[in-house]
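Below: one structure, written as structure tokens.
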Amino acid sequence: MSALRTLVKPASHPAADALAKRGDKWFFVGCLICGTWVFGPIGAPILIAGLVMLRQAEKAGALIRPWTVTVIGGLILVDASVNMLAWGVDMFPAHDTVLGRTLFTGYGLFGDGAYAAFYNTTHIGGVNISGEKGCQFAFVLFVMPIRIAAAWGLLKMKRWGLQWTIIANWLYIAIWACYVVLMSMDFPRRFGISQLGVLGFWLEGGLPFLGPVVLLPYLHSVNRECWSE
Amino acid sequence: MSVDRDNRPGHSPETPPEFRNLHRALFVVAAFFFIYLVVEAIVMMPYFIVHFGWQ
């Protein structure tokens, strides 16, 4: 019996519980769509609708998870989706489509010049820096699917979800270290030719990756008995 | 709320009492990053289309 269940004895609220479940699904799907970037403006209202449903379900008496877990799970989902679904557009032949080219050429002109200069000129397509491509394979095919599955488990208060979220975020930090060195060494032909320049380096290589630094102290200091499903 | 549980950050059951302040602070920072990523996702594509056009 979980500690959570022994702490509280939830009353039965079938309608509120159903609303909470529906809100959860909307939240999950909205986070993933947001992370595609291409359809980001569509994903945000879905995500917000999910949060509103969760709030309404809580008010109606449903026993929902703590809000900190929801926000942290959402942060992981959007971030992982960006690094899997959006970046996957560059990795797979979707980089030849109008949407793919518009997204990544714009991204290159704005922030990271590697996605604009000599874009789509190698046999594999997409960005033409070999180190970037290596990181891309590791992120898109390996670390980010783990993070998404782990975040879903975390949101569902499953023990494996908490454990795998911790593992996946440490993996993320390891790859971030690799990525920062890569971006620094190729700085002149990447951020040196973009609109943002140095600011782009911090906005793309620094700020978004700080998530795990925030998450790990939380994940390591929670009462694990709550994740007992 | 009809259940006897406090879901606020720092007060919810997953937070041990000694980590209340830490968890409250981490919630604020996590919420900032969450909003940052969602806003980025909303504005990114429209900004590229408007400023650089369809490629």
Side-chain angles (χ1 to χ4, degrees), chain A residues 3-4 7-11 13 16 31 33-41 43-44 47-48 58-69 71-72 74-75 78-79 81-82 86 98-99 101-107 109-110 207-208 210-211 214-215 217-218 221-227, chain B:
Chain A
L4 189 63
L7 279 173
V8 290
K9 291 183 172 37
H13 299 281
C31 285
I33 294 177
C34 251
T36 60
W37 274 356
V38 175
F39 304 112
L47 182 163
I48 291 164
E58 185 185 36
K59 279 185 178 167
L63 181 63
I64 66 163
R65 65 179 164 265
W67 283 102
T68 312
V69 180
V71 168
I72 282 179
L75 169 59
V78 177
D79 180 63
S81 175
V82 167
V98 172
L99 283 176
R101 280 202 314 268
T102 302
L103 173 65
F104 278 104
T105 309
Y107 181 74
L109 294 169
F110 182 63
L207 205 51
L210 280 175
V214 177
L215 300 178
Y218 175 81
S221 61
V222 291
N223 174 13
R224 288 168 187 233
E225 295 306 314
C226 291
W227 278 265
Chain B
M1 222 178 120
S2 65
V3 291
D4 182 21
R5 198 176 100 179
D6 192 344
N7 252 350
R8 288 175 302 153
H11 295 271
S12 38
E14 92 285 9
T15 295
E18 66 269 31
F19 292 126
R20 264 191 190 153
N21 289 334
L22 174 72
H23 281 198
R24 247 179 277 170
L26 290 175
F27 171 78
V28 172
V29 182
F32 166 76
F33 280 115
F34 184 43
I35 293 166
Y36 173 87
L37 288 177
V38 171
V39 171
E40 185 186 58
I42 295 169
V43 301
M44 191 75 90
M45 194 66 178
Y47 179 84
F48 293 158
I49 293 168
V50 169
H51 283 266
F52 305 118
W54 293 98
Q55 305 290 324

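Order of the sequence lines fixes the chain letters, A, B, ..., with proteins taken first and strands second; residue numbering starts at 1 for each chain.
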Legend entry - Contact class of L26(B) relative to chain A, heavy atoms under 4.5 angstrom: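 L26(B) touches chain A through backbone and side-chain heavy atoms alike.
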
Legend entry - chain A contact via Y36(B) - side chain, backbone, both or neither, heavy atoms under 4.5 Å: side chain

Counting only heavy atoms closer than 4.5 Å, note whether [X] contacts chain B via side chain, backbone, both or neither.
| X | answer |
| --- | --- |
| L207(A) | both |
| F39(A) | neither |
| I48(A) | neither |

Inset, instruction - Return yes when atom CZ of R224(A) has more than 12 non-hydrogen atoms of other residues, nucleotides or ligands closer than 6.0 Å, and no otherwise. - result: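 At most 12 heavy atoms, drawn from other residues, nucleotides or ligands, come within 6.0 Å of this atom.
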
Legend entry - Heavy-atom pair count under 4.5 Å with chain B, highest-scoring of V82(A), L47(A), I72(A), L215(A):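 If we count pairs closer than 4.5 Å to chain B, L47(A) comes out on top.
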
How close do [X] and [Y] get, counting heavy atoms only, and between which atoms?
| X | Y | value |
| --- | --- | --- |
| G10(B) | T68(A) | N-OG1, 4.5 Å |
| H13(A) | A60(A) | ND1-O, 3.7 Å |
| W67(A) | F27(B) | O-CE1, 4.0 Å |

Inset, instruction - Could you check which of P16(B), A41(B), A30(B) has the highest count of heavy-atom pairs closer than 4.5 Å to chain A? - result: A41(B)

Legend entry - Partner of F52(B) by side chain to side chain contact (heavy atoms under 4.5 Å, CB included), out of T105(A), L109(A), T102(A): L109(A)

Legend entry - Main-chain N/O of P9(B) paired with S12(B) side-chain donor or acceptor, under 3.5 Å: no

